[in-house]
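Position 1 is the first residue of the sequence; numbering continues from there. Remember, it's 1-based here, ligands and their atoms both numbered in the order they're listed.
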Amino acid sequence: MQTTVDRAGLGRLISAAGGSADGITAVIDDLGADAVAATVVGELLHRADVPAGPDVAVQVGLRHGDATIRYGLQVGSTGVAHLPSGAGEPVGTPDASLTQDLTEVVRSLFGPRGAQSSASRVVHWGHLEDPSAFDRPLPAYDVVRRLVDALDRPYDIGLAELCVRYGSDKWGHHTYPRRYEQHFGPLRDQPLTILEIGVGGFGDQHRGGASLEVWRRYFPRALVYGLDIVDKSHLTDQRVTVLQGDQSSPTDLARVVEVMGRPDIVIDDGSHVSAHLLASFASLFPVLRHGGLYVMEDLQTSYWPTFGGRAGTYDDPATSLGFLKTLVDGLHHEEIVGRTPAFTDPDIGGVHFYHNLAFVEKERNLDGGAPSWIPRGVRQRAGVPD
Ligand SMILES: C[S@@+](CC[C@H](N)C(=O)[O-])C[C@H]1O[C@@H](n2cnc3c(N)ncnc32)[C@H](O)[C@@H]1O
């Protein structure tokens, strides 16, 4: 495996992909074309989802300046492998070759909606001189079709389909994708930092990561971070970083923020223990970027004492839903006479409740209340009825 660019380099590449071709080329030169090509091929293969099948050899050529960096992709009964061949002559006789400018490939994979282009692409088929190739589709057709779709249509796949593909229970057992798409759809082509608490697989170190793959794929320009109390760091890969820590520990969360920077989206799908949800929110909401979203899943546990919830009362602010309900009052903090300020008050832009799921929007909430001359029916200073 050739060296890929590191996380900071990937962030730069993603940002550049939203700008001019010259800007992308300059960043490629700075990071090293070979490392960028290795990164791009890894991303391309991840998105292409090429299944195991008959033997097919495809050569991917990435043109940069005078050089073409070539990779051999070998599909077979065990899946797909890529064999770096470096700049130089092709390896063997491929069933197909796909050659495109590296700058254009970077922009297609990591650029916003509408930035995709195939203007520099050349596709050659290896066996068209064999008349039998016209009787049936060549196995190479589907492989190249998948690569081309990954480049040309990075935003064409839906969240429910991704959850089924990667095995996240967000779809099926739950029906969250419709709500996620409602809130995440407008952000989908932004260069985001996303943290999900709860990687999945619980005590089994070798299981989990389904939803991190979902987010990586749904947000083609995002850097995705996962936090789990169990060490699942082996799931770390190009755009996904998996950290170990306890979501109820402010120290662990501070370490996560140190590595990740300020997130644009936080999704809490961890222990579902109310006190843990509240502790994570207290540490992470203040560092969430304005315009960002904080999501809590599986809020039914707020009613279940085994998860630190309350069975008989619904407004206890020590439970997850009881706490979230207090944010509705926080939205109106400037209208409430004599309110004891909550740390969230200046930053609550909206709270959206769905079955077992809530989204909190972070926005400046300091526009001022209604004019002071409107009688409130309470004494402004004492906070008691007139
Ligand atoms: C429901 S699974 C996450 C599923 C995953 N988000 C998905 O959709 O594919 C919950 C995960 O939270 C982790 N977890 C439990 N307690 C935690 C804690 N205190 N801090 C961090 N992670 C925790 C568990 O190890 C488990 O892997």
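Near Gly245, meaning under 4.0 Å from one of its heavy atoms, ligand 1 places the atoms 20 (N), 21 (C). With ligand atoms numbered from 1 in the order given, ligand 1 contributes 5 (C) to contacts under 4.0 Å with heavy atoms of Val199. Residue contact check: Gln247 has heavy atoms under 4.0 Å from atoms 18 (C), 19 (N), 20 (N), 21 (C) of ligand 1. The distance from ligand 1 to the heavy atoms of Glu196 drops below 4.0 Å at these ligand atoms: 6 (N).
Judged by the shortest distance from any of its heavy atoms, Gly270 lies inside the 4.0 Å radius around the atoms of ligand 1.
Cluster membership for Ile348 and Val295, using ILVMFWY side-chain heavy atoms within less than 4.5 angstrom, is not shared.
Tyr354 and Gln182 share a donor-acceptor pair across their side chains, judged by distance under 3.5 Å alone. No side-chain donor-acceptor contact under 3.5 Å links Asp22 and Ser20.
Scanning the protein for heavy atoms near atom 19 (N) of ligand 1, the closest one is Asp246 OD1, 3.0 Å. If you check which protein heavy atom lies closest to atom 22 (N) of ligand 1, you get Ile229 N, 3.2 Å. Nearest protein heavy-atom contact of atom 16 (N) of ligand 1 is Ser271 CB, 3.3 Å.
Residue contacts with ligand 1, taken as heavy atom pairs separated by less than 4.0 Å, do not involve Val214 at all.
Other residues, nucleotides and ligands place no more than 12 heavy atoms under 6.0 Å from the NE2 atom of His173. For Arg145, the CZ atom counts as densely surrounded, since its 6.0 Å shell holds more than 12 non-hydrogen atoms of other residues, nucleotides or ligands.
Of all the listed residues (Asp228, Asp269, Asp298, Leu277), Asp269 holds the heavy atom that lies closest to atom 10 (C) of ligand 1. Across the listed options Gly198, Ser211, Ala210, Cys163, Ser211 owns the non-hydrogen atom lying nearest to atom 7 (C) of ligand 1. If you check each of Ser248, Ser168, Gly201 against atom 8 (O) of ligand 1, the one with the closest non-hydrogen atom is Ser168.
Polar contact with ligand 1: absent for Gly203 (N/O pair, distance under 3.5 Å).
Ring centers of Phe359 and Phe353: at least 6.0 Å apart, outside the cut-off. In this structure, the ring of Tyr218 has its center no less than 6.0 angstrom from the ring center of Tyr180.
At distances below 3.5 Å, not a single donor-acceptor pair connects side-chain atoms of Tyr176 with backbone N or O atoms of Ala160. A donor-acceptor pair under 3.5 Å links the side-chain atoms of Gln244 to the main chain of Ile229, judged by distance alone.
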